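Bear in mind the structure is a predicted one, so any value in this text is a computation, not a measurement. Here is the naming used below: chain letters follow the sequence lines, and residue numbers restart at 1 for every chain.
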There are 2 protein chains.
Amino acid sequence: MSDYEVLELPNVLLQRGGVLPMAGLAYKTLGTLNPARDNAVLVPTWYTGTHRDIETFMIGEGRALDPRKYFIVMANLLGNGFSSSPSNSPPPNERGRFPKVTIHDNVRLQQILLSQKLGIARIRLVTGWSMGACQTFEWAAQFPDMVRAACPIAGSARTASYNKVFLLALQRALELDPVFANGFYDHPPLNGLKAFAAIYAGWGTSEPFYRTEVYQAFGARDYQEHVAYFWEPFFVRCDANNLLSQLWTWLHGDISNNPVYAGDFEAALGAIKARTIVVPVDNDRYFPPADSEFEGRHIPGAECRVISSIWGHMAPMNPRDIPAIDGVLNELLAD
Amino acid sequence: MSDYEVLELPNVLLQRGGVLPMAGLAYKTLGTLNPARDNAVLVPTWYTGTHRDIETFMIGEGRALDPRKYFIVMANLLGNGFSSSPSNSPPPNERGRFPKVTIHDNVRLQQILLSQKLGIARIRLVTGWSMGACQTFEWAAQFPDMVRAACPIAGSARTASYNKVFLLALQRALELDPVFANGFYDHPPLNGLKAFAAIYAGWGTSEPFYRTEVYQAFGARDYQEHVAYFWEPFFVRCDANNLLSQLWTWLHGDISNNPVYAGDFEAALGAIKARTIVVPVDNDRYFPPADSEFEGRHIPGAECRVISSIWGHMAPMNPRDIPAIDGVLNELLAD
């Protein structure tokens, strides 16, 4: 038995061109929608993440996102292997032929799920980590009247150039593996995925994380074991085409790159009506806190609350940083 | 006519094993050694750098390193293509078969050059940028009585784990290119070198460098042009084996990893007698300033002077940051 459901939508035209003849949006719900229909919380997935990862890391009894209190909808990113992806699409969209999808496309499908399938007119809170935060910003800007509160955690409303350089390096390394074969590989391009993992290892946490040898908490004795034990398993389990599909989505994230805002980034931020707290991490290397502060200043009534953690971008995975994050979520969930 | 000389030394046993049947140390001198023989300045090269780069970026009339006043010795790193390197060594040490050389090996050869060939018993100043700084630390720790003053700029006495993760990523990406062929390529592994360049682009400067679009100073309109115009030419001109040889040298930098100090890093720093000013850059991503401050505290009488620059590691290439660096050098050169 599957632990998730799939909303299927025929003939989905994508924002940048291309068509999904049958788009699948995989999701899972926890908890119960109350009679007032005002306790829904939407949590989209992060890069490589799935509804199962959200359940593991962000949700639980006693946590801010408590399924005893809230109707929690976890939506899988297109390209993550559960929603429509290179790995699960039939020809002519399979593998290296999967079309380019944007954050905007993702949110548009999620909006159909919530409004037409689940009967939710207003979401109490949209929150997500990393690419989940990118989707959170997109939600608040595209459907300002549907989002009561928003909490983007360690993500951005528009992918920064510095972030893009990181993504370019990842893409070039993975595609360099001759086994990758333009996406039509017979077995996983392991060496490419290991190079990918090594690049990621230098961005996923922070300089003090290595200097103070926090990786020992995972049983690694040195940086090499940390890469081998933590980062390589993290990525070698992933389908290479799925990684590159989501990477493209991330690379092109920009809440203003659509006809409504026509590239006016400040106008898109200014249109947000949700009570918003932007939560960056001071040591985040690829979602620069300086950008979060800019977002916080341009979203009406918003705040920017910086989490201080040497786990950098990975702070939401660190038990010690969770109370600070849950504190913000509780504040936004309160009446 | 060659613009440099080569000191040839037969049967050089290397620190980690391996032999160079005829080691070549390429160097160039500028200026004149005074009768007191106390105006010699040694400047070793950085990663990919040559004596020509040092001459371009660090030396000049009116600069701190003024050849009208000082006898300047520029020493090329083993592996840089001028000193013994994969690209210029005969069998059985050619290309992918070149042995591993350490910072220690480099400094040992340079010491022979200075004491036996050039007749210099005491060096007024050793200074270098990046891997040149690593050699500066090594000089001061291995030959404390020969070094009057030392100025390591944006480098370290022991390569940090975080720095090593960066180097691991570079190595994996380059070796992934099937054209590389374990170092016995028929033509340059261009795609591997371009992946290398893209990785480097995320570390060579800083987040604010990209955020404030400093790359426009080089005529690049966006991050992609910056990578294509600046970082790709920087690396595609390099021999891939030479890059990997110098990378190994950098990866294993540690002034205490030798019989004299037997891994006692603080003892090695404590043995330094040179008047030392350690000069990190606040936004340097791979030579963490926190490590420079540690070094500054453990070298007797030393100071750590942090340069503030969004050029990060590349600050010494930025005309605006040169006065601060030359100021420190002038201070150390004064009587």
### Query
By a 4.5 Å heavy-atom criterion (distance strictly below it), what part of Y215(A) contacts chain B: side chain, backbone, both, or neither?
side chain

### Query
Where does A201(B) contact chain A at under 4.5 Å (heavy atoms): side chain, backbone, both or neither?
both

### Query
For S206(B), is it the side chain, the backbone, both or neither that has a heavy atom under 4.5 Å from a heavy atom of chain A?
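Backbone only.
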
### Query
Given the options Y210(B), F166(B), Y162(B), which has more heavy-atom pairs under 4.5 Å with chain A than any of the others?
Y162(B)

### Choice from L174(B), D222(B), L168(B) maximising heavy atom contacts with chain A below 4.5 Å
L168(B)

### Query
So do the side chains of T205(B) and V214(B) get within less than 4.5 Å of each other, counting heavy atoms only?
no

### Query
Using the benzene-type ring in the case of Trp, are the ring centres of W311(A) and F218(A) under 6.0 Å apart?
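When the ring centroids of W311(A) and F218(A) are compared, they turn out to be within the sub-6.0 Å range.
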
### Query
With no hydrogens and no angle check, is any side-chain donor or acceptor of E295(A) less than 3.5 Å from a backbone partner on A157(A)?
yes

### Task
Please state whether the rings of Y286(A) and Y200(A) are parallel, tilted or perpendicular, taking 30° and 60° as the class boundaries.
perpendicular

### Query
Is the shortest distance from a Lys or Arg side-chain nitrogen in E293(A) or R297(A) to a carboxylate oxygen in the other one below 4.0 Å?
no

### Task
Between chain B and each of R211(A), R285(A), K194(A), count heavy-atom pairs under 4.5 Å; write down the option with the most.
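Among the listed options, the one with the most contacts to chain B is R285(A).
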
